[in-house]
Every structure is written in structure tokens, then in C-alpha cells.
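Everything below concerns the one structure shown next.
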Amino acid sequence: MNKVLLAYRIKRLRKAKSFTQLKMERLTGIKRKTYSKLENNRQTPTIEQLRKIALALDASIDYLIGLTDENKPYSKTNKEN
């Protein structure tokens with residue numbers, strides 16, 4: 001995982017949606033102080049934090065961590081069949 005790219009992308013996506021860090025706290029349940037550390041590359045997010053951030057920002061985890069440059073999340077399909 002490219003932590004510098006991750007920090008850059010979550011900050012850029014948050015600002016593009018005009019979300020504050022406080023709004024991200026409300027959407028994700030991640031404390032603002034912790035979220036700030038994630039955006040400034042001072043803390044590595046857990047998988048659960050990544051999932052919550054990706055959902056709030058409408059992006060895929062693959063995009064956030066730099067595995068793809070495609071910003072869209074995967075389609076939500078029921079795979080229980």
C-alpha cells in the first residue's frame with residue numbers, strides 16, 4: 001500500500017465533495033483526530049477504516065490504496081446465490 005498516495009487521495013476526495021473532517025467523522029465513525037492523522041500520513045488505517053472511508057467517499061479501496069486509477073467503487077451485487 002502506498003501510504004503517501006492513500007493520504008493524498010482521501011484528502012483530495014474529501015475536499016472535492018466539500019466534506020469537512022467533522023463530516024467524515026459523522027459518516028465513518030472515525031474520530032476527527034484519527035482521520036486527520038490518516039490524511040497526513042501519520043497513521044496507517046485499518047481495513048475497517050478503509051472500508052468506511054471508501055463508502056463515505058464513494059470510491060473503491062483499490063483506488064484509495066493505489067492499485068488502480070479508476071475512482072469508481074465496484075457495483076453492489078448480491079453474490080449469495
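Residue numbers run from 1 in the order of the sequence given. The figures here come from the full heavy-atom set of this structure, side chains too, leaving out hydrogens, waters and symmetry mates. These numbers come from a predicted model, not from an experiment.
A donor-acceptor pair shorter than 3.5 Å cannot be found between the side chains of Lys72 and Ser60.
Minimum heavy-atom separation, Gly66 to Leu5: CA-CD2, 3.5 Å.
Considering only heavy atoms from C-beta on, Ile61 stays 4.5 Å or farther from Leu67 through its side chain. Side-chain contact between Leu27 and Leu57 is absent, with no heavy atoms from C-beta onward closer than 4.5 Å. Side chains of Asp58 and Lys17 form a contact here, defined as non-hydrogen atoms less than 4.5 Å apart. Leu6 is not listed as a side-chain neighbour of Asn2, based on a closest heavy-atom distance of 4.5 Å or more. In this structure the side chain of Leu64 reaches within 4.5 angstrom of the side chain of Ile53, judged on heavy atoms.
Under the 3.5 Å distance criterion, the side-chain polar atoms of Arg9 are matched with a main-chain donor or acceptor of Tyr63. Without hydrogens or angle criteria, Gln49 side chain to Thr46 main chain gives a donor-acceptor distance under 3.5 Å.
Taken from OH in Tyr35 to NZ in Lys23, the straight-line distance is 12.5 Å, to the nearest 0.5 Å.
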Side chain to side chain contact (heavy atoms under 4.5 Å, CB included) assessment of Arg42 paired with Ser36: CA-CA 8 Å; Arg42 290 183 294 159; Ser36 176; 3.9 Å; yes
Side chain to side chain contact (heavy atoms under 4.5 Å, CB included) assessment of Lys3 paired with Thr44: CA-CA 7 Å; Lys3 288 175 34 177; Thr44 303; 3.1 Å; yes
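Within 6.0 Å of CG on Leu22 lie more than 12 heavy atoms contributed by other residues, nucleotides or ligands.
Under a hydrophobic-cluster definition in which Ile, Leu, Val, Met, Phe, Trp and Tyr are linked whenever side-chain heavy atoms come within less than 4.5 Å, directly or via other members, Phe19 and Tyr8 are assigned to different clusters.
Applying the side chain to side chain donor-acceptor pair (under 3.5 Å) test to pairs two or more places apart or on separate chains, those with a residue in residues 25-34 are Gln21-Arg32.
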